[in-house]
Amino acid sequence: MFSTRNLILALGVSSMAVASVLGLCASRMRRRERRLQRQELQRWEGEGGNLPPVAARPPLQAER
């Protein structure tokens with residue numbers, strides 16, 4: 001039959017396993033987000049990115 005000590009040990013081991021799985025999922029989600037952001041930035045830059053600067057016009061000279 002199970003003793004209290006064995007039950008506490010089993011709960012401790014299982015809670016550590018759950019915590020490690022949750023940590024692994026969180027790190028994979030962060031890595032996936034960084035990868036997707038990099039891909040979106042490359043796609044945006046490939047579509048033209050920032051607009052080219054507009055050439056400034058020379059100031060109008062007043063007619064005499």
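Position 1 is the first residue of the sequence, and the numbers go up from there.
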Distance (rounded to the nearest 0.5 Å) between Thr4 OG1 and Leu9 CG:
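Between Thr4 OG1 and Leu9 CG, I get 12.5 Å after rounding to 0.5 Å.
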
Linked hydrophobic residues, Leu22 as query - side chain contacts closer than 4.5 Å
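Answer for Leu22: Val18.
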
For residues 30-42, which side-chain N or O atoms pair as donor and acceptor with protein atoms under 3.5 Å away, sequence neighbours left out?
none

Excluding sequence neighbours, so at least two apart, what forms side chain to side chain contact (heavy atoms under 4.5 Å, CB included) with Leu24?
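For Leu24, the residues satisfying side chain to side chain contact (heavy atoms under 4.5 Å, CB included) (neighbours in sequence not counted) are Ser27, Arg28.
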
